[in-house]
Amino acid sequence: MTATTLYEKLWNAHAVAELPGGETLLYIDRQILHEVSSPQAFVAMRDAGRQLRRPQTHIAVVDHAVPTRSPRADGIRHGTIEDAQAASQIAELETNVRDFAVPYAELDGAEQGIVHVIGPESGFTLPGTTIVCGDSHTTTHGAFGALAFGIGASEQGTVMAAQCLRQKRAKTMRIELSGTRHPLVFAKDIALAIIARIGADGAAGHAVEFTGPAVRAMSMAERMTLCNMMIEAGSRVGLVAPDDVTFAFLKGRRLAPKGALWDQAVAAWRDLASDEGANYDRVIEIDVASLVPQVSWGTTPDQTLPVDAALPDPATLEEGPARRQAEKALAYMGLTPGQSLTDIAITHAFIGSCTNGRIEDIRAAAAIARGRKVAPGIKAIVVPGSAATRAAAEAEGLDRILIEAGFEWRLAGCSMCVAMNDDRLKPGERCASTSNRNFEGRQGPGGRTHLMSPAMAAAAAIAGHIADIREFAA
Amino acid sequence: MSEPFTTLSGKAAPMPEENIDTDIIFPARFLLITAKAGLGRYAFHDRRFDANGAEIPDYVLNQASFNAAPFIVAGANFGSGSSREQAVWAIAGLGVRCIIAAGFGEIFHSNCQRNGILPITLPAQTVAELMVAAQTEQTFAVDLEAQSLTVGNRAFAFDIAPERKLALLNGWDETSVLLHQYAGAIDEFETRQKASAPWLYAEDDAS
Ligand code: SF4
């Protein structure tokens with residue numbers, strides 16, 4: 001037998017049929033639905049008079065459009081939402097989950113949160129499965145050794161009715177991470193450094209698998225951050241082979257297998273690894289010991305630099321698209337060529353999103369915030385990725401540390417990652433953000449985004465400008 | 001399901017412009033609308049209406065001869081840009097069922113076929129001739145079974161993948177095609193998977 005990669009194993013295990021024209025009909029084990037991208041899929045189901053083939057393989061939640069504040073002291077959001085469009089999207093999802101008997105992590109419930117945070121937390125995300133969601137950061141679930149990718153509206157309806165999708169197999173890329181990182185270099189820094197190195201389309205058409213000792217040493221939260229960001233390098237799939245860290249994370253979660261099924265599942269999951277000598281279309285090696293904290297300066301995630309660097313000067317670049325892109329990004333971001341990154345003053349700090357809204361991320365931010373104060377005039381918000389994360393953080397007292405330092409402590413949702421709810425930047429405002437996209441207008445029309453780790457964002461909030469966490473913590 | 005597509009005849013709205021992208025067809029600010037039906041009024045919105053919402057009389061779709069045309073003839077790379085499926089739903093909402101161009105955005109092209117619209121790709125020179133025919137309000141007629149487009153006394157053959165043709169002829173969307181052609185294969189897959197990975201079926205059985 002020829003040596004195969006993890007991606008190929010997952011693919012082959014889900015191939016229902018080979019289709020004329022080179023595509024494969026792929027079986028989909030799990031689908032996550034949210035209020036913004038699912039409505040039309042339900043419309044199509046109704047129009048065709050269809051039922052979900054396997055309702056229990058779905059989970060629905062509200063995250064993108066929900067406000068992360070409530071006017072009520074008890075934090076209940078239901079019935080308080082002022083934005084008519086958001087309220088109607090949520091109501092429509094609630095009707096849909098009722099009519100089609102879809103399991104629903106309801107607003108104000110203990111399992112509500114961002115699609116890519118609640119999937120793993122509830123044990124819905126399992127190794128060896130195929131998982132889809134109408135959000136491109138579905139790559140996150142690949143951290144569990146699941147083949148997970150974002151899809152469009154019609155495709156969601158197809159999965160509901162047929163539990164299958166027509167897909168084209170990707171090429172494979174292996175990113176080998178070795179070395180021991182500086183304690184203040186996080187998975188986010190590694191992800192940003194990879195994207196800066198290979199480019200925002202550097203992994204397009206490829207399924208990326210992370211291998212090497214530095215990945216094995218990572219927690220599930222860190223692996224999720226890494227896989228989450230791979231769509232920003234153009235890859236629809238990020239993967240980490242499951243191991244004892246994965247199993248320990250999943251054991252006992254509500255939807256994880258129980259009893260004898262758990263043992264049987266773990267035995268099967270142990271085979272989910274690329275074979276020795278398996279062939280990848282591309283291999284990249286990175287020694288994480290060489291990395292320092294990273295910050296994006298431009299309007300694509302690959303426009304990222306080490307925090308101690310100065311901004312590029314387009315005048316020194318050769319005439320061509322790269323130069324024009326740098327000029328355009330600097331103009332949009334309102335920055336000066338050659339300026340030091342740490343001289344850039346911010347107006348906002350956002351700690352949250354499916355990239356960095358987990359308990360580990362909140363701990364990292366709180367460790368920096370402890371005993372310090374957010375700089376005057378800076379609006380700094382911490383938005384847990386899920387209600388469960390929020391509860392866990394409160395149990396550890398992290399909310400009090402953050403509130404004491406001047407951060408706002410919010411309810412779970414996508415918040416300022418995406419300008420689809422109340423949390424957004426105004427033109428010209430500048431945010432130190434732990435989210436994943438720094439596109440023009442992503443955090444609000446005219447808003448300016450600098451991507452970084454939660455510790456770096458907390459440090460920026462306190463300093464009032466982008467700061468080097470290594471000096472800051474000393 | 002969409003209306004089966006067999007034959008179609010009527011006028012064609014001429015859009016002699018290249019790269020009419022999905023932002024022109026369906027501006028991003030309407031993406032928050034959750035409906036799929038009734039999007040026709042947003043199709044080409046910023047070309048059809050001025051800032052006050054008044055119709056721009058010169059625009060092709062605002063002219064009496066073309067506002068109910070079932071065909072569009074357009075320049076190359078029609079439907080390029082963002083993958084939003086709303087672009088196709090909006091065009092369908094106008095009553096358009098066939099688009100003829102010298103080339104299409106890839107995702108838009110497959111979204112058309114998923115939604116009962118026939119995209120026909122013809123050489124640029126032919127499209128230029130058809131543009132004149134559209135402008136002079138000649139009748140376009142298409143016979144999908146025969147893969148033939150007739151305008152005046154001229155006939156043009158076009159290509160379409162056999163499975164896409166079958167789907168359009170029967171009014172099947174992609175889901176229907178899969179359910180129709182692969183139901184047995186899907187059942188067999190589930191039987192196999194349930195035996196090898198029973199934990200993936202624990203919730204189905206519990207409910
Ligand atoms: S946090 Fe951002 S990237 Fe993640 S699911 Fe929400 S909108 Fe998408």
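Atoms considered below: every heavy atom in the structure, side chains included; atoms not considered: hydrogens, waters and symmetry mates.
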Might you confirm whether atom CD of A:Glu18 has over 12 heavy atoms from other residues, nucleotides or ligands at distances under 6.0 Å?
yes

Quick check: closest heavy atoms across A:Ser154 and B:Arg114, and the distance to 0.1 Å?
CB-CD, 3.7 Å

With only heavy atoms counted, which part of A:Gln264 is less than 4.5 Å from chain B, the side chain, the backbone, both or neither?
both

Which one of B:Tyr182, B:Trp199, B:Tyr201 has the most heavy-atom pairs closer than 4.5 Å to chain A?
B:Trp199

Does B:Asp159, at its CG atom, have more than 12 non-hydrogen atoms belonging to other residues, nucleotides or ligands within less than 6.0 Å?
no

Interatomic spacing from NE2 in A:His14 to CD in B:Gln193 - rounded to 0.5 Å:
5.0 Å

Sort A:Val43 into side chain, backbone, both or neither according to what part of it lies under 4.5 angstrom from a heavy atom of chain B.
side chain

With the threshold set at 4.0 Å, does a side-chain nitrogen-carboxylate oxygen contact exist between A:Arg53 and B:Asp204?
no

Can you tell me which portion of B:Asn111 sits under 4.5 Å from chain A's heavy atoms? Options are side chain, backbone, both or neither.
neither

Find the distance between CD (B:Glu85) and CD (A:Gln156) and round it off to the nearest 0.5 Å.
9.5 Å

Counting only heavy atoms from other residues, nucleotides and ligands, does the tally under 6.0 Å from CZ of A:Arg46 exceed 12?
yes

Cation-pi geometry met for B:Arg192 and A:Tyr27 (6.0 Å, 45°):
no

Under a 4.5 Å cut-off applied to non-hydrogen side-chain atoms, are B:Glu203 and A:Arg54 in contact?
no

Under 4.5 Å from any heavy atom of chain B, what part of A:Ala13 do you find: side chain, backbone, both or neither?
backbone

Against chain B, work out which of A:Val36, A:Val159, A:Leu25 has the most heavy-atom pairs shorter than 4.5 Å and name it.
A:Leu25

Quick check on B:Ile186 against chain A: is it the side chain, the backbone, both or neither that has a heavy atom closer than 4.5 Å?
both

Is any side-chain heavy atom of B:Phe189 closer than 4.5 Å to a side-chain heavy atom of A:Gln163?
no

Cut-off 3.5 Å, side chains only: do A:Glu92 and B:Thr34 have a donor facing an acceptor?
yes

Taking the side chain as every heavy atom from C-beta outward, state whether B:Glu188 and A:Val16 have any pair of such atoms under 4.5 Å apart.
no

Toward chain B, the part of A:Gln85 with a non-hydrogen atom under 4.5 Å
side chain

Under 4.5 Å from any heavy atom of chain A - which part of B:Gln181
neither

Check whether any side-chain heavy atom of B:Glu174 sits under 4.5 Å from a side-chain heavy atom of A:Glu155, and report yes or no.
no

Provide the closest heavy-atom pair for B:Ser176 versus A:Arg50 in the form atom of the first, atom of the second, distance.
OG-NH2, 2.7 Å

B:Ala197 portion near chain A, given a 4.5 angstrom heavy-atom threshold:
neither

What verdict does the side-chain hydrogen bond (donor to acceptor under 3.5 Å, both in side chains) test give for A:Arg166 and B:Ser110, after you've listed the backbone C-alpha separation in whole Å, the side-chain angles of each residue and the deciding distance to 0.1 Å?
CA-CA 12 Å; A:Arg166 185 195 269 280; B:Ser110 74; over 6 Å; no

Whatever's closer than 4.5 Å to a heavy atom in chain A on B:Leu200 counts as both

Examine whether an atom of A:Thr129 lies under 4.5 Å from a heavy atom of chain B, and if so say whether it belongs to the side chain, the backbone or both; otherwise answer neither.
side chain

Toward chain A, the part of B:Ala35 with a non-hydrogen atom under 4.5 Å
backbone

Between A:Ala162 and chain B, which part of the residue has a heavy atom less than 4.5 Å away: side chain, backbone, both or neither?
both

Tell me, side chain or backbone of A:Ala15 under 4.5 Å from chain B's heavy atoms, or both, or neither?
backbone

Test A:Met160 against B:Thr175 for side chain to side chain contact (heavy atoms under 4.5 Å, CB included), laying out the working first.
CA-CA 9 Å; A:Met160 289 179 191; B:Thr175 309; over 6 Å; no

